[in-house]
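Because the structure is a prediction, the values reported are computed rather than measured.
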Amino acid sequence: MRRSSFLIRDPALTRYLQDIVCKLGGEHCSDVRIQVVRTPQFNASMGPNGLLQVWSGLLLRVDNEAQLAAVLGHELGHYLERHTLERLRDMKSKSALAAFLGVFGLVGAVASLGVVASAYSFTRDQEQRADRIGSWLMRRAGYDAAQAAQVWDNLLGELKVTGGEDAGRRSAMFAMHPPPEHRRDELMTLAGNAGGNLGREALASAIAAHRFGWLMEEVRRGQFEESLVLFNRLLLQNPSDAGLLFARGEVYRLRNVADDLAKAEDDLLAATAASDAPADAFRSLGLVHKRKMDKPAAATAFERYLALAPDAGDAGLIKSYLSELRP
């Protein structure tokens, strides 16, 4: 994995995550090594040797540091209880073991997830134990432990839009972390009423350099309905976020059903009006105007895109569009 192109080599981000683990794990801080992996799904996993992998899709989806700490604390719970070691010992098939190990080192990690989940799912008792330990670690570190329940609520909201009310039982991610019945209520009971730190600004600062790229990877994932649930939720917190507006507009543009083109235009106009508008938002707005046969508006958007990104890989294509659009 150290040689993988999917590894995000950002010392500051890794230190930030390591600091959270140290707040949670105390004397076990030195046991844990962290790798941040560029994969747009929600997941984190702890190996029996203390290797903690955090996927970019998780970092994009958590609203604050407390929610991130909830996931990391849960994984620490599995590690402290040696659940991963137990599962390795329980594996009877060498092919199952190879599949498990392969998910951490192969480019095809996401494609292998379902296979790995079936061989490496924790028991209900192990999950409940990890929840209890994780909640205790959160409270000890001063975090609002109630955020643990919110993490799963948010994720289930994405999955249910395509998988229905039973999505949590059939998701590959939840197959690795199978939620027991009434898990949210159990997590809220564990949290109590103590409250605690949220750390919204700290998380935002830590991921700022990568967030736009992760948004684009989420769009390219092609799960438009799930992405819209995510982007709508994030935009409720910051309705003027230019990156989010562009990402949602791009989903509408690519999906292009019913009134999606009008929705895409609204979002892209709002994104391009922002002082920190992404250059790509002007490209997408130009494509929307071009599809609507509004040649002057398309040309204006394309020209702005080229002014902001003159060396873009598709600059030649956009220039050819401009030659067609100009009188």
Asks: Under a 4.5 Å cut-off applied to non-hydrogen side-chain atoms, are Tyr321 and Ile318 in contact?
Replies: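 Sidechains of Ile318 and Tyr321: in contact.
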Asks: Can you tell me how far the CZ atom of Arg15 sits from the CG atom of Asp10, to the nearest 0.5 Å?
Replies: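 These two atoms lie 8.0 Å from each other.
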Asks: Do Leu228 and Leu230 belong together in a cluster built from hydrophobic side chains that touch within less than 4.5 Å?
Replies: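 In one cluster: yes.
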Asks: Do Leu52 and Leu17 have side chains that approach each other closer than 4.5 Å (heavy atoms only, starting at C-beta)?
Replies: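 Contact flag for Leu52/Leu17 side chains = no.
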Asks: Rounded to the nearest 0.5 Å, what separates atom NZ in Lys290 from atom CD in Glu324?
Replies: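 It comes to 6.0 Å.
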Asks: Can you see which heavy atom on Ala279 is nearest to which on Ala309, and at what distance?
Replies: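 So the two residues come closest at CB-CB, 4.2 Å.
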Asks: Can you give me the closest heavy-atom contact between Ala69 and Met138, atom names plus distance?
Replies: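 Looking at all heavy atoms of both residues, the shortest contact is O-CG, 4.1 Å.
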Asks: In Å, rounded to the nearest 0.5 Å, how long is the span from CG of Leu254 to OG of Ser284?
Replies: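 The distance works out to 7.5 Å.
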Asks: Evaluate whether atom NZ of Lys295 has more than 12 neighbouring non-hydrogen atoms of other residues, nucleotides or ligands under 6.0 angstrom away.
Replies: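 For Lys295, atom NZ is not crowded (no more than 12 foreign heavy atoms under 6.0 Å).
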Asks: Could you check Arg233 against Arg61 for side chain to side chain contact (heavy atoms under 4.5 Å, CB included), going step by step and ending with a plain yes or no?
Replies: CA-CA 10 Å; Arg233 178 172 64 79; Arg61 282 166 170 78; 4.3 Å; yes
Asks: Any sub-3.5 Å donor-acceptor pair from Arg304's side-chain atoms to Gly286's backbone N or O?
Replies: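 Side chain of Arg304 to backbone of Gly286, a donor-acceptor pair under 3.5 Å: no, none is there.
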Asks: Run the side chain to side chain contact (heavy atoms under 4.5 Å, CB included) test on Asn256 and Leu261 for me, step by step, so that the C-alpha distance in whole Å, both residues' side-chain angles and the decisive distance to 0.1 Å come before the verdict.
Replies: CA-CA 6 Å; Asn256 193 26; Leu261 207 60; 4.1 Å; yes
Asks: Is the Trp214 ring parallel, tilted or perpendicular to the His210 ring (thresholds 30°, 60°)?
Replies: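 Parallel.
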Asks: Which value, rounded to the nearest 0.5 Å, describes the distance between Gln18 atom CD and Leu72 atom CG?
Replies: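 If I round to the nearest 0.5 Å, the distance is 10.5 Å.
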Asks: Using the rule that Ile, Leu, Val, Met, Phe, Trp and Tyr join whenever any side-chain heavy atoms are under 4.5 Å apart, tell me whether Leu235 and Leu269 fall into a single cluster.
Replies: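 Looking at the clustering, Leu269 is in the same group as Leu235.
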Asks: Count I, L, V, M, F, W, Y as connected when their side-chain heavy atoms are under 4.5 Å apart, and connections chain through other members. Are Trp136 and Met46 then in the same cluster?
Replies: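 Same hydrophobic cluster.
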Asks: Checking Glu158 against Gln223 for the side chain to side chain contact (heavy atoms under 4.5 Å, CB included) test, could you report, in this order, the C-alpha distance in whole Å, the side-chain angles of both residues, the deciding distance, and whether it holds?
Replies: CA-CA 10 Å; Glu158 289 183 43; Gln223 300 299 316; over 6 Å; no
Asks: Are Arg326 and Glu303 within salt-bridge range, i.e. N to O under 4.0 Å?
Replies: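 Judged by the 4.0 Å cut-off on N to carboxylate O distance, Arg326 and Glu303 do form a salt bridge.
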Asks: Is Leu285 reachable from Met216 through a run of hydrophobic residues whose side-chain heavy atoms are each under 4.5 Å from the next?
Replies: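 Yes, because Met216 and Leu285 connect within a single hydrophobic cluster, where side-chain heavy atoms sit under 4.5 Å apart.
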Asks: Regarding Asp267 and Arg253, does a basic nitrogen lie under 4.0 Å from an acidic carboxylate oxygen?
Replies: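 So Asp267 does not pair with Arg253 through a salt bridge.
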Asks: Can you find a pair of side-chain heavy atoms, one from Glu217 and one from Leu60, that are under 4.5 Å apart?
Replies: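 In short, these two side chains do not touch, never coming nearer than 4.5 Å.
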Asks: Taking the side chain as every heavy atom from C-beta outward, state whether Ile20 and Tyr143 have any atom pair closer than 4.5 Å.
Replies: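 Yes. Closest side-chain heavy atoms under 4.5 Å.
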Asks: Contact between His289 and Phe302 at the side-chain level, heavy atoms closer than 4.5 Å - yes or no?
Replies: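 Heavy-atom side-chain distance check fails, nothing below 4.5 Å.
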Asks: Checking Gln150 against Asp63: is there a side-chain donor and acceptor pair closer than 3.5 Å?
Replies: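 No, Gln150 and Asp63 have no side-chain donor paired with an acceptor closer than 3.5 Å.
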Asks: CZ/Phe224 to CG/Asp260 distance, rounded to the nearest 0.5 angstrom?
Replies: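 Nearest 0.5 Å value for the CZ-CG distance: 9.5 Å.
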Asks: Could you pull out the closest heavy-atom pair between Ala149 and Met188, with the gap in Å?
Replies: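 Of all heavy-atom pairs spanning Ala149 and Met188, the closest is CB-SD, 3.7 Å.
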Asks: For Val251, does its backbone N or O pair with a side-chain atom of Arg255 as donor and acceptor, under 3.5 Å?
Replies: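 Side chain of Arg255 to backbone of Val251, a donor-acceptor pair under 3.5 Å: no, none is there.
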Asks: Closer than 3.5 angstrom, by distance alone: can the side chain of Ser205 be matched with the main-chain N or O of Glu201 as a donor-acceptor pair?
Replies: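 No; zero donor-acceptor contacts below 3.5 Å.
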Asks: So which atom in Leu76 and which in Gly25 form the shortest heavy-atom distance, rounded to 0.1 Å?
Replies: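 Taking every non-hydrogen atom into account, CD1-N, 4.1 Å.
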Asks: Taking the side chain as everything from C-beta on, heavy atoms only, tell me whether Phe42 gets closer than 4.5 Å to Val151.
Replies: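 The answer is yes, as the side chains (C-beta and beyond) meet within the 4.5 Å cut-off.
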Asks: So does Glu81 pair up with Arg132, basic N to acidic O under 4.0 Å?
Replies: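 No, this pair does not count.
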Asks: Taking the side chain as C-beta and beyond, is there a heavy-atom pair between Phe246 and Leu215 under 4.5 Å?
Replies: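 Side-chain contact under 4.5 Å: no.
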Asks: So, for Ala247 and Val219, which heavy atoms are closest and what is the spacing to 0.1 Å?
Replies: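 Scanning both residues completely, I find the closest heavy atoms to be O-CG2, 3.8 Å.
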Asks: Quick one: closest heavy-atom pair of Ala206 and Leu13, and the distance?
Replies: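 Shortest heavy-atom contact: O-CD1, 3.7 Å.
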Asks: Contact between Val288 and Leu268 at the side-chain level, heavy atoms closer than 4.5 Å - yes or no?
Replies: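 Side-chain contact under 4.5 Å: yes.
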Asks: Quick check against the 3.5 Å criterion: does Ser4 have a side-chain atom that pairs as donor or acceptor with the backbone of Phe6?
Replies: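 It does hold such a pair.
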Asks: Please assess Ser135 against Arg139 for the test side-chain hydrogen bond (donor to acceptor under 3.5 Å, both in side chains), listing each intermediate value before the final yes or no.
Replies: CA-CA 6 Å; Ser135 182; Arg139 295 196 306 274; 2.8 Å; yes
Asks: Please check this pair: side chain of Asp241 against backbone of Leu244, looking for a donor-acceptor N/O pair closer than 3.5 Å.
Replies: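 Checking the backbone N and O of Leu244 against the side chain of Asp241, a donor-acceptor pair under 3.5 Å is found.
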Asks: Measuring from atom CG of Asp31 to atom CD of Glu27, what distance do you get when rounded to the nearest 0.5 angstrom?
Replies: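 Rounded to the nearest 0.5 Å, the CG-CD separation comes out at 9.0 Å.
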Asks: Think Arg248 forms a cation-pi with Phe231, using NZ or CZ under 6.0 Å from the six-ring centre and within 45 degrees of its axis?
Replies: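 The answer is no; the distance or angle limit is not met.
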Asks: Is it the case that one hydrophobic cluster holds both Leu80 and Ile34, taking links as side-chain heavy atoms less than 4.5 Å apart, direct or via other members?
Replies: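 Hydrophobic grouping puts Leu80 with Ile34.
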Asks: Going through the checks in order, is the side chain to side chain contact (heavy atoms under 4.5 Å, CB included) test met by Asn64 and Asp144?
Replies: CA-CA 10 Å; Asn64 51 56; Asp144 180 359; over 6 Å; no
